[in-house]
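Here is how names work: the chains are called A, B, and so on, in the same order as the sequence lines, proteins then strands, and each is numbered from 1.
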Amino acid sequence: MRYWLMKSEPSEYGIDDLKRDKQSAWFGVRNYQARNFMRDDMQVGDLVLFYHSTCPQPGIAGICKVAKAAAPDVTQFDPEDKHYDPKSKPDNPLWVCVEVKFVKKLDLIPLATLRETPALAEMRILQRGNRLSITPVSDAEWEYITTKLVK
DNA sequence: GCCAACGTTGGC
DNA sequence: GCCAACGTTGGC
């Protein structure tokens, strides 16, 4: 089993939305590296840090779990959708998404807290210039975050 | 709103 | 294959 961090803008889809929906497809990833993580490495049961980005208080907002393996992202074929991709054809879909299930909401662990935690210095999300919306989290990082930083 | 950093595109 | 230009991300 692996651990992951997935970013979302709470104004688009935040932890409260997932709590309400219980489970949701992770639509809209349009980056090859992030797609490959979902397609090749994510497995049902993997645990995920739900991260809020581009908002007044960026940070880890909750935990969810991979509930369904990668499948074609339906929004890529919908011209009305902001994630529409005319390059992708239904017989050879370019983009996939997993589904995640709500596990719990956390008291927000702010980005600033992550930054000032030496044990997390190597986290992908904290590296300079990192923009990947899906990144692996090491066992040690997961352990530290979920035991030391969660109230 | 600004800006640094990155990924993608497209001309050559 | 190179690389400049452009669009996007995301913190501040």
Side-chain angles (χ1 to χ4, degrees), chain A residues 2-21 24-42 46-66 69-138 140-142 144-146 148-151:
Chain A
R2 300 191 188 201
Y3 301 111
W4 304 93
L5 181 144
M6 296 170 85
K7 294 181 194 172
S8 185
E9 301 184 18
S11 59
E12 293 279 324
Y13 196 86
I15 191 70
D16 290 328
D17 297 301
L18 185 60
K19 183 176 184 181
R20 178 197 64 220
D21 296 342
S24 175
W26 201 265
F27 295 124
V29 169
R30 295 294 179 268
N31 169 283
Y32 290 103
Q33 249 186 298
R35 178 204 67 182
N36 293 348
F37 280 138
M38 288 196 285
R39 188 189 62 190
D40 304 332
D41 299 319
M42 273 193 184
D46 284 0
L47 287 165
V48 179
L49 299 169
F50 193 118
Y51 181 90
H52 282 175
S53 67
T54 317
C55 58
Q57 288 189 295
I60 297 168
I63 293 174
C64 55
K65 180 190 279 197
V66 177
D73 177 340
V74 297
T75 65
Q76 69 195 308
F77 305 123
D78 178 2
E80 302 300 312
D81 195 281
K82 64 178 288 196
H83 302 295
Y84 176 60
D85 185 349
K87 293 196 306 298
S88 184
K89 304 299 174 208
D91 59 353
N92 186 20
L94 210 43
W95 305 111
V96 298
C97 57
V98 298
E99 288 190 19
V100 296
K101 188 166 63 177
F102 178 80
V103 174
K104 66 167 138 177
K105 183 177 176 175
L106 302 175
D107 291 336
L108 189 92
I109 304 170
L111 176 60
T113 300
L114 302 176
R115 285 205 186 285
E116 64 198 21
T117 303
L120 302 178
E122 302 297 317
M123 267 191 97
R124 289 284 290 272
I125 185 112
L126 302 179
Q127 304 311 306
R128 176 184 172 81
N130 171 71
R131 294 191 332 192
L132 254 192
S133 64
I134 298 176
T135 49
V137 172
S138 74
E141 290 160 355
W142 179 272
Y144 193 94
I145 291 167
T146 55
K148 302 278 203 320
L149 299 183
V150 170
K151 293 192 184 80

- [ ] Classify every nucleotide of nucleotides 6-12 of chain C by which part a protein heavy atom approaches to under 4.0 Å, writing B for the base, S for the sugar-phosphate alone and - for neither, in 5'-to-3' order.
- [x] -BBBBSS

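- Taking the six-membered ring where the residue is Trp, the centroids of A:F50 and A:W4 are separated by 6.0 Å or more.
- Among the candidates A:I63, A:I109, A:L5, A:L106, the single residue satisfying the side chain to side chain contact (heavy atoms under 4.5 Å, CB included) test with A:I145 is A:I109.
- The one candidate from A:Y32, A:W26, A:Y84 that meets the ring pair (Phe, Tyr, Trp, His ring centres under 6.0 Å) condition with A:W95 is A:Y32.
- Under the 3.5 Å distance criterion, with hydrogens and angles disregarded, a donor-acceptor pair is assigned to the side chains of A:R30 and A:T75.
- Using a 4.0 Å cut-off between charged side-chain N and carboxylate O, A:R20 and A:D17 make a salt bridge.
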